[in-house]
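Right, one structure below, let's go through it.
A quick note: this is a predicted structure, and the numbers were derived from the prediction, not measured.
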Amino acid sequence: MSEAPPQPRDPILLCATIASIFVLLAMMRIELPTKPYFDEVHYLPAARAILEGGPYINPEHPLLGKLFLAAGISLFGDNPIGWRIFPMAMGALALFGAMRAMWHATLDRFATMAFGVLLGTGFHIFVHMRIAMLDIFMAAFLSVAAWHLAAAIRKPEQGRWRLALVGIAIGLAMASKWNAVPLAMVPGLAFFAARISAGRKRLLTSTRGVPVPGISLLEAFLWLGIVPLLVYAITFWPGYGLLNSPLDSKGLFGLHEEIVALQSSNMAGHPYQSTWTQWVLNTRGIWYLYEFTDNAQRGILLIGNPLTMLLGLPALIWCAVTGVTRREWAKVAIVAGYAVSLGMWLIANKPIQFYYHYLIPSTFMLGALALALSDIERTEYRWIAYVVLAGAFVMFAIYFKILTGAALEGPMSFAKWTWLEGWR
């Protein structure tokens, strides 16, 4: 008799453990600085206005992220904990959801655990789960969408409710920040392309064939097309009735015309602006904080992990080549996700761009690195995979003080970590 195929155990508890470890690390000095810093100065006033029924502030971004910030202030007070508690929770969800997506896409325990370690030590998620900005909400909901999409494909018997969750998560991601919009279209387009490739005679109504047997193309359009738009629209409801709300005067469509105009307007140059080539090479950072505050010189720097941001680039090439030649579609999907999420910035009508826009592309890139390390781990050179993971932790430890706003020796302390001129 032939042996039964291997059935790897679901590492869900390990996923939760890794996410919890990084939450505990991110909680260190979460109350510092005690005043708003970087873009908190834009989003916290908008959150307060929502609570107070004040003016409609910060109209260039959707409402959902600011609603979460308002909820934090309402529950925990108008203080650093209230400002940053929901970003912290969403950072945990982003880490956990990304690992669950990797697991369902590959059934590869090593790749799943490696992805969690690489993402947690990659700086982007860690820095953004400690600050009251909108990006972490978008990242969390995108990771949830990827998780349940992969699970729906892996377990078609759960396809209906999983795809419903995908649609809800996509809507919430778009309602957090518009950067999610290009990726929001990918699940529906991929479902359509896969169903066409299956050659079904009744294209719209047939429930047979990939990617989720039992779900027709019409039903998929409901979950992946209509539901996200409905969820997105509903999130604007609290904006009606605010003072001088463009929703009252212009309606939802009129507000979106204003958002487009604001997003594409010519802004004055900014000292931290950068280009996509600098993001890819990790040569331009942003000091979210660098000043004397709370009785010490403190700094918080956003760059990518100097080791894994560079190793991720050849990993993308490896995944592109082996994904196609070996028909390993998880690798192809990760490369496609990177291309779409980065490619939008090559054509976006947004004159001034910043390194934090690389949050989502870098997540896909670290997923590619996790898959490449998993391939190495199955060879006689498996030690290389563990050295890379250890190196990621070492870099994380080296930069930990300026990821968490620790007290520094003095005004010139930044030179210890700014190894490149563009990080200064």
Side-chain angles (χ1 to χ4, degrees), residues 30 33 35-94 125 127-144 168-181 184 228-252 254-263 265 267 288 350 354 356-357 359-360:
I30 189 64
K35 63 179 182 179
Y37 71 106
F38 199 61
D39 279 357
E40 287 185 338
V41 300
H42 302 302
Y43 303 130
L44 291 176
R48 295 185 186 109
I50 292 171
L51 289 173
E52 299 164 0
Y56 194 105
I57 300 176
N58 189 240
E60 62 265 34
H61 292 294
L63 273 180
L64 184 61
K66 290 166 282 189
L67 291 173
F68 276 111
L69 298 179
I73 293 172
S74 177
L75 292 172
F76 299 96
D78 195 351
N79 56 58
I81 301 300
W83 306 337
R84 299 163 191 158
I85 190 69
F86 274 101
M88 179 74 65
M90 288 296 174
L93 180 59
I125 293 290
V127 168
H128 284 105
M129 67 194 292
R130 295 173 39 82
I131 186 171
M133 289 174 60
L134 308 181
D135 303 74
I136 196 64
F137 300 107
M138 173 188 65
F141 291 122
L142 285 176
S143 74
V144 170
I168 293 170
I170 288 174
L172 296 176
M174 293 191 297
S176 299
K177 203 167 185 181
W178 271 15
N179 298 13
V181 171
L229 293 176
L230 288 176
V231 170
Y232 173 79
I234 290 170
T235 64
F236 285 90
W237 175 77
Y240 289 93
L242 292 177
L243 294 178
N244 302 318
S245 172
L247 287 165
D248 290 330
S249 58
K250 302 178 181 179
L252 188 58
L255 170 63
H256 281 72
E257 291 178 353
E258 182 175 341
I259 293 176
V260 171
L262 289 169
Q263 289 285 353
S265 61
M267 298 171 53
Y288 279 11
K350 190 174 178 65
F354 299 95
Y356 54 72
H357 293 144
L359 169 62
I360 301 304

What distance do [X] atom [atom1] and [Y] atom [atom2] have between them, rounded to the nearest 0.5 Å?
X	Y	atom1	atom2	value
I30	M88	CD1	CE	3.5 Å
F38	Y43	CZ	OH	8.5 Å
E258	Q263	CD	CD	11.5 Å
D78	L51	CG	CG	8.5 Å
I73	E52	CD1	CD	9.0 Å
L67	S176	CG	OG	9.5 Å

Any side-chain heavy-atom pair from [X] and [Y] closer than 4.5 angstrom?
X	Y	result
F76	R84	no
L252	Y240	yes
L242	P55	no
M133	H128	yes
I50	I57	no
Y56	L255	yes
I131	P87	no
L134	F68	no

Can you name the closest pair of heavy atoms from [X] and [Y] and give their distance?
X	Y	value
I125	A94	CD1-CB, 4.2 Å
N58	A46	CB-CB, 4.0 Å
I259	P59	CG1-O, 3.2 Å
A92	M129	N-CE, 3.8 Å

**Asked** Passes side chain to side chain contact (heavy atoms under 4.5 Å, CB included), V260 versus W178? Steps please.
**Response** CA-CA 10 Å; V260 171; W178 271 15; 3.7 Å; yes

**Request:** Could you check whether the rings of F354 and Y356 sit parallel, tilted or perpendicular, using 30° and 60° as the cut-offs?
**Result:**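 Parallel, since the angle between the ring planes stays under 30°.
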
Verify, without hydrogens or angle tests, whether [X] (side chain) and [Y] (backbone) share a donor-acceptor contact under 3.5 angstrom.
X	Y	value
D248	G241	yes
D39	H42	no
K66	P45	no

Identify each donor-acceptor pair in which a side-chain atom of residues 135-143 lies under 3.5 Å from a protein atom, sequence neighbours left out, and give them as a table.
from, atom 1, to, atom 2, distance (Å)
D135, OD1, K177, NZ, 3.3
D135, OD2, K177, NZ, 2.9
S143, OG, A140, O, 2.7

**Prompt:** Applying the side-chain contact (heavy atoms from CB on, under 4.5 Å) test to P228, which of L172, I170, V181 qualifies?
**Reply:**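 Only one of L172, I170, V181 forms a side-chain contact (heavy atoms from CB on, under 4.5 Å) with P228, namely I170.
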
**Request:** For side chain to side chain contact (heavy atoms under 4.5 Å, CB included), just list the numbers for L63 and T235, CA-CA rounded to whole Å, side-chain angles, deciding distance to a tenth of an Å, and then say yes or no.
**Result:** CA-CA 7 Å; L63 273 180; T235 64; 5.6 Å; no

**Prompt:** Got a salt bridge between E257 and K250, using NZ or NE/NH1/NH2 to carboxylate O under 4.0 Å?
**Reply:**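 Looking at K250 together with E257, the answer is no, because their closest N to O distance does not fall below 4.0 Å.
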
**Asked** Do NZ/NE/NH1/NH2 and the carboxylate oxygens of E40 and K35 come within less than 4.0 Å?
**Response**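 Not counted as a salt bridge, because no side-chain N and carboxylate O are separated by less than 4.0 Å.
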
